[in-house]
Asker: 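Mind looking over this structure? Questions follow.
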There are 2 protein chains.
Amino acid sequence: MALGKDYATQECSIARALEVVGERWTLLVVRDALYGVRRYNDFLVHLGIPRAVLAARLQALTAEGILEKRRYQQSPPRDEYVLTERGIALWPTLRALGLWGRRHFGEAQLRYFRHAACGTELGPYGECALCGTVVPVEDVLMEPGPGLDPHPADPVGRVLLKPKRLLEPLETEPA
Amino acid sequence: MALGKDYATQECSIARALEVVGERWTLLVVRDALYGVRRYNDFLVHLGIPRAVLAARLQALTAEGILEKRRYQQSPPRDEYVLTERGIALWPTLRALGLWGRRHFGEAQLRYFRHAACGTELGPYGECALCGTVVPVEDVLMEPGPGLDPHPADPVGRVLLKPKRLLEPLETEPA
DNA sequence: ACTGAAGGTTCGGTCACCGAACCAAGGTGT
DNA sequence: ACACCTTGGTTCGGTGACCGAACCTTCAGT
């Protein structure tokens, strides 16, 4: 966990995973990256995370091969953080966690996740019941649900109100 | 998260879930509970967790309705902590997290999870390919794999070397 | 009365997290 | 040329979570 003490005595893949993504904020950064957030400032305003913590998480996730830092313009030099295959592979975990949270602690449907090809809402394991396949992350269409605040304070939240595919980068909005 | 600051600005089931199970050690306690650990001392020696932290986690998980504290003998009064339905529902999350951890950071197979009825190893979503059904947690048989240390230092680890079903309580071994 | 096991609580130290302030590089406006 | 803005950070002091170790309580057995 890169915390004071690791889970040294644990011989367990779950503990290994938590060492990497178990710290505070880490999974929410990955979630935002799945939603298409790529830039430091967008993570910052959407998560409400302290700047220093965000910088540390981005660096750690990059070091672990979950995010990749990529120059997207030369002048002025700007980098974005994009999920690697290893990071994308966290989608089933986040999906399971989100379903559990909604079922047991939240009532309202905040977002729908559909198979982009046919519009069918995904099953609990990210599968499309109609097509009978597990839907690849980039073919998942995310739409706002009835429980979602229609007027979020932060601009990133507003951009995320529009239906879009996972991983598809945020359209940078005009200031 | 019951941490200094919660994920207040997040309107998201994942954030809600992490508020409940996102703290250090929490998911490992739930994992152990799935493995059949029920008693304070067994959690303690198996996790190597500080006593105060364990007490806090058990209390918080009980308050959230994930564990249930249950008197299992009157004299001396002894309580055990058992997963509720809400706690058992975390199995898919832990399964996904464990698979991710093994695939991306650990090599060896530490434990097998099989459908007790037919012996088939579970698929990524806890389904039995042979029977074509999602296997209920209590029908999952856990067996040690080749990567697991055959002589763990702690007694609970030794008991967990024996194949057993999830949720089935540990056989208390003689001192 | 003494000992031991189970299940905690207390305590002082360290380290992660917090918000706010500051910094730097590269445009942009005037 | 100069001020100012945007982006992406780093630094800093304060708070609180986590750490190991020690201590405490209840009850059983002898």
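The structure presented is a predicted model; accordingly, all values stated were derived computationally and were not measured. Quick note on labels: first sequence line is chain A, next is B, and so on, each numbered from 1.
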Asker: For the side chain of B/Ala52, counting heavy atoms from C-beta on, which of C/dT10, D/dG8, D/dG9 is nearest?
Answerer: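 For B/Ala52, the side-chain atoms sit closest to C/dT10.
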Asker: Over how many whole Å does the gap from A/Glu19 atom CD to D/dC18 atom P extend?
Answerer: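 A/Glu19 atom CD is separated from D/dC18 atom P by 15 Å.
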Asker: With the threshold set at 4.0 Å, does a side-chain nitrogen-carboxylate oxygen contact exist between A/Glu168 and A/Lys162?
Answerer: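 Salt bridge between A/Glu168 and A/Lys162, a charged N being under 4.0 Å from a carboxylate O: no.
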Asker: Any base atoms under 4.0 Å from B/Phe43, or only sugar-phosphate, or nothing? Heavy atoms, all strands.
Answerer: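 No contact at all - B/Phe43 keeps every heavy atom at 4.0 Å or more from the nucleic acid.
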Asker: Taking only side-chain N and O atoms of B/Lys69, does any of them lie within less than 4.0 angstrom of OP1 or OP2 on C/dG7?
Answerer: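 For C/dG7, neither OP1 nor OP2 has a side-chain N or O of B/Lys69 closer than 4.0 Å.
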Asker: How close or far is atom C1' of D/dT7 from atom CD of A/Gln73, stated in whole angstroms?
Answerer: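 About 10 Å, once rounded to whole Å.
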Asker: Could you give the CG-to-C1' distance, from A/Asp79 to D/dG9, as a whole number of Å?
Answerer: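 Going from A/Asp79 (CG) to D/dG9 (C1'), I get 11 Å.
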Asker: Ignoring backbone atoms, establish whether A/Arg57 has a side-chain N or O less than 4.0 Å from OP1 or OP2 of C/dC17.
Answerer: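 It does, given that an N or O in the side chain of A/Arg57 lies less than 4.0 Å from OP1 or OP2 of C/dC17.
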Asker: Could you state the CG-P distance from A/Leu47 to C/dG19, rounded to the nearest angstrom?
Answerer: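 My rounded result for the distance is 12 Å.
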Asker: How close or far is atom C1' of C/dA25 from atom CZ of A/Arg71, stated in whole angstroms?
Answerer: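 The answer, rounded to whole Å, is 11 Å.
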Asker: Taking the side chain as everything from C-beta on, heavy atoms only, tell me whether B/Ser13 gets closer than 4.5 Å to A/Leu110.
Answerer: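 With C-beta onward as the side chain, the pair touches.
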Asker: Taking the basic N atoms (NZ, or NE/NH1/NH2) and the acidic carboxylate oxygens, is any pair closer than 4.0 Å for A/Lys164 and A/Glu171?
Answerer: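 Looking at A/Lys164 and A/Glu171, the cut-off is not met.
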Asker: Rounded to the Å, how far apart are B/Asn41 CG and C/dG8 P?
Answerer: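 From B/Asn41 CG to C/dG8 P: 10 Å.
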Asker: How many Å lie between CG on A/Leu54 and P on C/dA16, as a whole number?
Answerer: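 For the pair A/Leu54 CG and C/dA16 P, the rounded distance is 17 Å.
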Asker: Do the side-chain N or O atoms of B/Arg51 get closer than 4.0 angstrom to the phosphate oxygens (OP1, OP2) of D/dA22?
Answerer: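 So the side-chain polar atoms of B/Arg51 never come under 4.0 Å of the phosphate oxygens OP1 or OP2 of D/dA22.
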Asker: Let me spell it out: for each of A/Arg78 and A/Pro50, pick the nucleotide of DNA chain C with the closest heavy atom. Which residue's pick is nearer the 5' end?
Answerer: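 Here A/Pro50 is the residue nearer the 5' end.
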Asker: Please report, rounded to the nearest Å, how far the P atom of D/dG9 is from the CZ atom of A/Arg39.
Answerer: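 Value for this atom pair: 12 Å.
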Asker: Taking A/Asp79 as the fixed residue, which of A/Arg71, A/Arg39, A/Arg70 is the one that meets the side-chain hydrogen bond (donor to acceptor under 3.5 Å, both in side chains) rule?
Answerer: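 That would be A/Arg71.
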Asker: With nearest nucleotides of DNA chain C determined for B/Tyr40 and A/Val53 from heavy-atom distances, which residue corresponds to the more 5′ nucleotide?
Answerer: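 With B/Tyr40 and A/Val53 compared, the 5'-side residue is B/Tyr40.
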Asker: Within less than 4.0 Å of OP1 or OP2 of D/dT7, is there a side-chain N or O belonging to A/Tyr72?
Answerer: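 Looking at the OP1 and OP2 atoms of D/dT7, neither is under 4.0 Å from any side-chain N or O of A/Tyr72.
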Asker: Classify the ring geometry between A/Tyr125 and B/Tyr125 as parallel (under 30°), tilted (30 to 60°) or perpendicular (over 60°).
Answerer: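 Taking B/Tyr125 first and then A/Tyr125, their aromatic rings lie parallel (interplane angle under 30°).
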